[in-house]
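One structure below.
Remember, predicted model here, so these are calculated numbers, not experimental data.
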Amino acid sequence: MRRFRWWIALILALGGCQAWADGQTFRIPTRPGVETSVYWEAQEGAKATVFLFTGGNGGYGKVVDGKPTSHNFLARSVALFLADGYNVAIFGLPSDTPALDYGDRVNPRHLADVRAALEFVRTKSPVPVWLVGTSRGTVSATYVAIGSVDDPGIAGLVLTSSVTAFKKEGAVPTQNLAALKLPVLVVHHANDACAICRPYEVDWIMKGLKNTPVKKQLMVTGGGPVGGDPCESYHYHGYAGQEKEVVDLMSAWMHNPTN
């Protein structure tokens with residue numbers, strides 16, 4: 001741990017970040033010979049940080065004028081989380097892979113990368129951290145939450161447009177959900193037409209959360225217009241046209257988790 005903190009201090013001292021108008025990107029050492037990118041943007045007076053896992057192949061695209069260019073629901077909602085009083089961190093990609101597939105997200109290497117990224121984020125702000133994933137990012141968020149049950153700095157878990165199909169490696173219902181003992185919010189769109197994220201299968205997640213002190217399911221409706229692939233960002237799967245509504249619902253619950 002001392003060696004890792006020394007690395008962090010060295011990065012900051014040497015200007016090992018790329019500064020933009022608002023947010024910043026950092027490349028931090030996470031495993032021997034491996035660096036992982038992290039997007040960070042602070043909100044003055046924030047009481048918590050949202051640590052975001054995007055869907056698809058992961059990452060947040062390029063950063064232009066201080067904002068990520070990814071069209072992923074979470075990446076394009078950075079300003080909304082900030083407005084609701086949260087610091088924002090987005091987990092990027094490790095240097096030894098161009099993409100995070102399903103198997104990559106339920107691998108001890110992934111957990112090591114994320115833990116190092118979380119440690120770094122805490123050097124920026126010591127407030128509690130909420131793990132938030134969307135689509136394939138829910139595989140990561142769930143896996144990390146289960147692997148971090150002894151971490152008191154993690155406030156809870158929020159899953160949006162969860163991967164529910166049992167045929168997919170790491171699908172949320174197939175993970176050891178009973179190990180979770182922290183608040184969990186599950187958000188899904190009632191019209192999500194993605195074949196691996198069927199709304200009726202969300203019940204399997206809720207049934208698996210046997211030991212969480214607080215859990216809630218929010219099945220939202222509305223939004224649009226939508227278009228394109230039903231598993232992509234601008235369909236109901238990505239809450240097109242209702243980003244603020246959904247982020248505000250998530251934020252309100254994180255401020256005051258209730259069943």
| message | Whether the side chain of Gln242 engages the backbone of Thr221 through a donor-acceptor N/O pair (distance < 3.5 Å, no angle test) should be reported. | response | yes
| Which pair of heavy atoms, one from Arg115 and one from Asp150, lies closest together, and at what distance? | NH2-OD1, 4.4 Å
| task | Could you check Trp253 against Val214 for side chain to side chain contact (heavy atoms under 4.5 Å, CB included), going step by step and ending with a plain yes or no? | result | CA-CA 11 Å; Trp253 188 88; Val214 181; 3.8 Å; yes
| message | Could you report the tightest heavy-atom contact between Ala240 and Pro225, atom names first, then the distance? | response | CB-O, 4.0 Å
| query | Do any N or O atoms from the side chain of Thr69 and from the backbone of Lys62 form a donor-acceptor pair under 3.5 angstrom? | reply | yes
| said: Can you give me the closest heavy-atom contact between Gly61 and Ser70, atom names plus distance? | reply: N-CB, 4.0 Å
| said: Using a 3.5 Å distance criterion without hydrogens, assess whether the side chain of Thr97 forms a donor-acceptor pair with backbone atoms of Ala99. | reply: yes
| request: Under the side chain to side chain contact (heavy atoms under 4.5 Å, CB included) rule, what do Val139 and Gln175 come out as? Steps first, then yes or no, please. | output: CA-CA 9 Å; Val139 175; Gln175 296 194 45; 3.9 Å; yes
| query | Taking all atoms of both residues into account, what is the closest heavy-atom pair of His255 and Asp84, and its distance? | reply | NE2-O, 3.2 Å
| Contact summary for Asn176 and Ile146, nearest pair of heavy atoms | O-CD1, 3.4 Å
| Salt bridge present between Asp151 and Arg122 (N-O < 4.0 angstrom) | yes
| said: Return the CH2 to OG1 distance between Trp204 and Thr174, rounded to the nearest 0.5 Å. | reply: 12.5 Å
| Got a sec: does the NE2 of His71 have more than 12 other heavy atoms crowding it under 6.0 Å? | no
| Is any side-chain heavy atom of Tyr39 closer than 4.5 Å to a side-chain heavy atom of Pro68? | yes
| said: With a 4.0 Å cut-off on N to O distance, would you call Glu169 and Arg105 a salt bridge? | reply: no
| Charged N to carboxylate O below 4.0 Å: is that the case for Asp96 and Arg31? | yes
| query | Can the SG atoms of Cys231 and Cys197 be said to lie under 2.5 Å from each other? | reply | no
| query | Quick check: does any side chain N or O of Asn211 sit under 3.5 Å from a backbone N or O of Ala178, one acting as donor and the other as acceptor? | reply | yes
| Atom pair NZ/CD1 of Lys207 and Ile205 - distance to nearest 0.5 Å | 12.0 Å
| field | Side-chain heavy atoms of Lys216 within contact of Leu185, under 4.5 Å | value | yes
| field | Donor-acceptor contact below 3.5 Å, side chain Asp104 vs main chain Asp101 | value | yes
| message | For a 4.5 angstrom cut-off between non-hydrogen side-chain atoms, does Thr164 reach Val172? | response | no
| message | Could you go through Met250 and Trp130, starting from their C-alpha distance and side-chain angles, then the distance that decides it, and tell me whether this counts as side chain to side chain contact (heavy atoms under 4.5 Å, CB included)? | response | CA-CA 11 Å; Met250 295 160 58; Trp130 283 87; over 6 Å; no
| said: Membership question, hydrophobic clusters at under 4.5 Å side-chain separation (ILVMFWY): are Val34 and Ile28 in the same one? | reply: no
| message | Ignoring hydrogens, what is the shortest heavy-atom contact between Ala190 and Pro199? Give both atom names and the distance. | response | O-CG, 3.6 Å
| Are Val144 and Val127 connected in a single hydrophobic cluster, I mean Ile/Leu/Val/Met/Phe/Trp/Tyr linked by side-chain heavy atoms less than 4.5 Å apart? | no
| Would you call Ser37 and Tyr60 a side-chain contact if the rule is heavy atoms closer than 4.5 Å? | yes
| message | Do Thr49 and Val121 make a side-chain contact, defined as non-hydrogen atoms from C-beta onward lying under 4.5 Å apart? | response | yes
| Rounded distance (nearest 0.5 Å) linking atom OG1 of Thr212 with atom CG of Asn259 | 7.5 Å
| task | For Val129 and Leu118, run side chain to side chain contact (heavy atoms under 4.5 Å, CB included): C-alpha distance rounded to whole Å, both residues' side-chain angles, the deciding distance at 0.1 Å, then the answer. | result | CA-CA 8 Å; Val129 174; Leu118 285 169; 3.9 Å; yes
| task | Classify the ring geometry between His110 and Phe53 as parallel (under 30°), tilted (30 to 60°) or perpendicular (over 60°). | result | perpendicular
| Hydrophobic cluster identity match, Val220 and Tyr236, side-chain contacts under 4.5 Å | no
| message | What I'd like to find out is whether the side chain of Ser135 reaches to under 4.5 Å of the side chain of His237, using heavy atoms alone. | response | yes
| query | Would a 4.5 Å heavy-atom cut-off, applied to side chains only, mark Leu159 and Val187 as touching? | reply | no
| message | To the closest 0.5 Å, what do you measure between CD (Glu232) and SG (Cys194)? | response | 8.5 Å
| said: Do Val226 and Phe73 sit in one hydrophobic cluster, given that two such residues count as connected whenever their side-chain heavy atoms are within less than 4.5 Å of each other, even indirectly? | reply: no
| request: Determine, for Tyr234 and Arg76, whether the Lys NZ or Arg CZ falls below 6.0 Å from the six-membered ring centre while staying within 45 degrees of the axis. | output: yes
| said: Can you tell me how the ring of Tyr239 sits relative to the ring of His189, calling it parallel under 30°, perpendicular over 60° and tilted otherwise? | reply: tilted
| Taking Glu35 for the side chain and Pro94 for the main chain, is one N or O donor matched with an acceptor at less than 3.5 Å? | no
| field | Expected output: side-chain Lys215 to main-chain Leu209 donor-acceptor under 3.5 Å | value | yes
| message | For residues Ile196 and Val106: do they belong to one hydrophobic cluster (side chain heavy atoms under 4.5 Å, members Ile, Leu, Val, Met, Phe, Trp, Tyr)? | response | yes
| Can you check side chain to side chain donor-acceptor pair (under 3.5 Å) on Asn72 and Thr54, steps first, answer last? | CA-CA 6 Å; Asn72 180 267; Thr54 59; 5.0 Å; no
| Distance in Å, Ser148 OG paired with Leu131 CG, rounded so as to fall on 0.5 Å steps | 7.0 Å
| task | Report yes if the side chains of Phe51 and Ile154 come closer than 4.5 Å at any heavy-atom pair, otherwise no. | result | no
| task | Test side chain to side chain donor-acceptor pair (under 3.5 Å) on His188 and Ser161 and set out the steps. | result | CA-CA 5 Å; His188 218 86; Ser161 303; 5.3 Å; no
| query | What's the spacing between Trp40 CH2 and Ile90 CD1 if we round to 0.5 Å? | reply | 11.5 Å
| task | Return yes if some donor-acceptor pair links the side-chain N/O of Thr138 with the main-chain N/O of Thr134 below 3.5 Å, else return no. | result | no
